[in-house]
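In what follows, a structure is listed as structure tokens, so that the remarks can point back to it.
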Amino acid sequence: MSSLDPHNKEEWLALRQQGHRMLDDMFDYLENLRERPVWQPAPDAVRHEFDADMPIEGQDLAVVHDTFMQAILPYAIGNAHPGFMGWVHGAGTPVGMLAEMLAAGLNANVGGRNQVPVLVEQQILHWVRDLFGFPETASGLFVTGTSMANFIAVLVARKTALGAAVRNVGVNQVQQRLVAYTSAGAHGCIAQAMDLSGLGIDALRIIPLNAEFSMDVAKLQTAIAEDLAQGYVPFMLIGTAGSVDVGAIDDLPVLADVAQQHQLWFHIDGAYGALAMLSPGLRPRLQGLERADSVAFDFHKWGQVPYDAGFVIVRDGTQHYETFATPAAYLRREACGMAAGSPWPCDYGPDLSRGFRALKTWFTLQVYGADKIGASIAYTCELAQYLQQLIKAQPQLILAAPVSLNVVCFRYDASDAINAEIVTQLQLAGHVAPSTTTINGKLVIRAALVNHRAAQQDMDALVAGVLKFGAELTGAGV
Ligand SMILES: *Cc1c(COP(=O)(O)O)cnc(C)c1O
């Protein structure tokens with residue numbers, strides 16, 4: 001017998017019991033997260049366990065699970081923990097975890113074909129369409145994350161600008177020197193997308209930021225005019241809704257106007273910010289989103305869906321389809337039978353085999369409802385305001401950027417090195433874990449509040465911790 005399944009009733013029963021223990025361990029983990037450190041470095045002995053060669057003989061599932069509990073679970077980055085505020089990471093939910101288990105059990109390949117998992121993904125597209133005010137002709141796709149979603153958008157924009165022939169001849173043959181525009185606050189994956197698309201990073205014009213840390217539109221206009229005068233072909237404008245450094249939102253209606261004026265593909269990187277549409281209070285801040293040609297965003301950040309669950313939506317589904325669809329004998333479509341239901345998800349991106357990312361997203365929205373997710377998004381912004389007040393009340397702390405959404409950047413009044421060390425000490429202490437970034441040439445402490453489990457006590461702990469380590473490291477007050 002070569003099946004990897006249990007071979008009889010007794011073996012199935014043993015697996016079932018072990019499976020229930022594993023599930024309970026994860027519930028225990030999630031229920032008691034606060035009692036654990038956010039993060040801790042793995043000891044050398046643990047690290048060395050992962051130098052072992054591929055096992056030839058298998059071991060009991062219980063033994064392997066025990067290794068997971070001892071050597072893997074305690075040493076993850078900790079984004080599920082309420083004190084995690086290091087990077088823009090979602091926290092996940094128990095519901096998402098369970099849905100992921102169902103998806104793994106079903107093991108559907110959601111590249112296409114005539115199956116309801118594809119409809120689940122399409123239903124989420126419809127929800128996103130409605131939420132963003134996109135037309136029925138819009139297409140969309142689950143991808144790993146916004147990095148991939150942005151890349152797909154650049155490819156669709158490139159194809160729209162150059163015509164379908166670019167898919168055959170490549171960019172080498174292209175006479176037009178295409179250029180795209182984004183702000184200095186844009187995520188690094190935008191430049192990477194330009195690189196991957198063959199257009200090159202130099203074809204991305206980085207427009208400086210204004211005092212609100214959003215794109216300086218006057219400078220954008222100047223850059224476009226200069227490029228036109230020099231014979232370049234502006235083809236794409238990429239706005240940011242929720243910048244990774246400070247949470248700034250570009251002036252989307254004005255960017256939409258500029259894009260319209262110059263016939264540019266208007267893409268928005270809304271990696272985490274776009275889902276602020278779920279909050280009635282925040283929604284007006286995203287006005288203009290509905291005018292984008294495409295939006296990239298993640299359900300795994302503010303949407304709290306377990307990793308990974310990125311999404312790209314494209315207003316003109318035909319352009320999107322024509323960027324990726326490739327006829328192949330083994331992917332032949334039929335009117336009925338298993339090969340019906342064309343077009344398929346694989347026609348809208350580079351992946352053929354695809355997991356059922358839609359299911360954990362679908363469960364999350366079905367169980368919590370859009371309002372509750374929206375409320376948790378709004379709450380992280382309230383926490384950011386609360387943290388801002390705490391910072392302003394401390395003379396040793398300096399706010400480094402306006403608090404637009406959920407990201408708070410500040411400094412302890414000391415050198416860059418001291419601020420970096422404060423953050424390292426906080427991470428090692430394990431109660432709250434911020435990160436650093438650079439603003440106006442200075443290293444700052446960054447608290448990105450994305451976690452639905454975060455509370456005021458975590459903001460209090462952050463400020464107390466920064467003051468304590470700051471005083472110790474500068475020799476003040478000790
Ligand atoms: C997180 C983020 C990205 C990258 O998204 P991934 O899901 O990590 O690939 C891009 N842009 C912004 C603004 C982000 O916050």
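When a ligand or atom number is given, it counts from 1 through the structure's own listing order. Below, each value reflects all heavy atoms present in this structure, side chains not excepted, and no hydrogens, waters or symmetry copies. This one's a predicted model, so the numbers in the text were calculated from it and none came from an experiment.
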At what distance is the nearest protein heavy atom to atom 11 (N) of ligand 1, and which residue and atom is it?
D269 OD2, 2.6 Å
Is the gap between the ring centers of F297 and F132 under 6.0 Å?
yes
Quick one: look at K301 and ligand 1, take heavy-atom pairs under 4.0 Å, and tell me if it's side chain, backbone, both or neither.
side chain
Decide, yes or no, whether a salt bridge links D202 with R177 under the criterion of side-chain N to carboxylate O below 4.0 Å.
no
Test side-chain hydrogen bond (donor to acceptor under 3.5 Å, both in side chains) applied to D269 and N150, T240, T146, the passing residue:
N150
Below 3.5 Å, N or O to N or O, backbone or side chain included: is there any such pair between Y272 and ligand 1?
no
Does NE2 in H431 sit with more than 12 non-hydrogen atoms of other residues, nucleotides or ligands closer than 6.0 Å?
no
Using heavy-atom distances, let me know which of S147, G270, G188, G90 sits nearest atom 4 (C) of ligand 1.
S147
Tell me which part of T146 gets within contact of ligand 1: side chain, backbone, both or neither, using heavy atoms under 4.0 Å.
both
Per side chain to side chain contact (heavy atoms under 4.5 Å, CB included), P345 is matched among V143, L141, L352 by L141
Taking 4.0 angstrom as the limit and counting only heavy atoms of G242, give me the atoms of ligand 1 inside it, by number and element.
13 (C)
Keeping the roles fixed (side chain from Q304, backbone from A91), state whether a donor-acceptor pair exists under 3.5 Å.
yes
A student checking ligand 1 against D298 at a 4.0 Å heavy-atom cut-off should list atoms 5 (O), 6 (P), 7 (O)
The protein heavy atom nearest to atom 10 (C) of ligand 1 is H187 CG, 3.2 Å
Per-atom filter on ligand 1: closer than 4.0 angstrom to a heavy atom of G145 are 7 (O), 9 (O)
So, regarding N150 and ligand 1 (criterion: nitrogen or oxygen to nitrogen or oxygen, under 3.5 Å), is there a contact or not?
no
Between H452 and S376: side-chain donor-acceptor atoms closer than 3.5 Å:
no
With atoms numbered from 1 as shown, which atoms in ligand 1 lie under 4.0 angstrom from a non-hydrogen atom of H300?
7 (O)
I want to check a possible cation-pi pair here: R357 against F299, using under 6.0 Å from ring centre and within 45° of the ring axis as the test.
no
When you look for heavy atoms under 4.0 Å from ligand 1, do you find them on the side chain of S243, its backbone, both, or neither?
neither
Return yes if a side-chain donor-acceptor contact under 3.5 Å exists between E421 and Q425, otherwise no.
yes
Nearest candidate to atom 12 (C) of ligand 1, where distance is taken over non-hydrogen atoms, out of A241, A248, A271:
A271
List ligand 1 atoms under 4.0 Å from C189, heavy atoms only on the residue side.
10 (C)
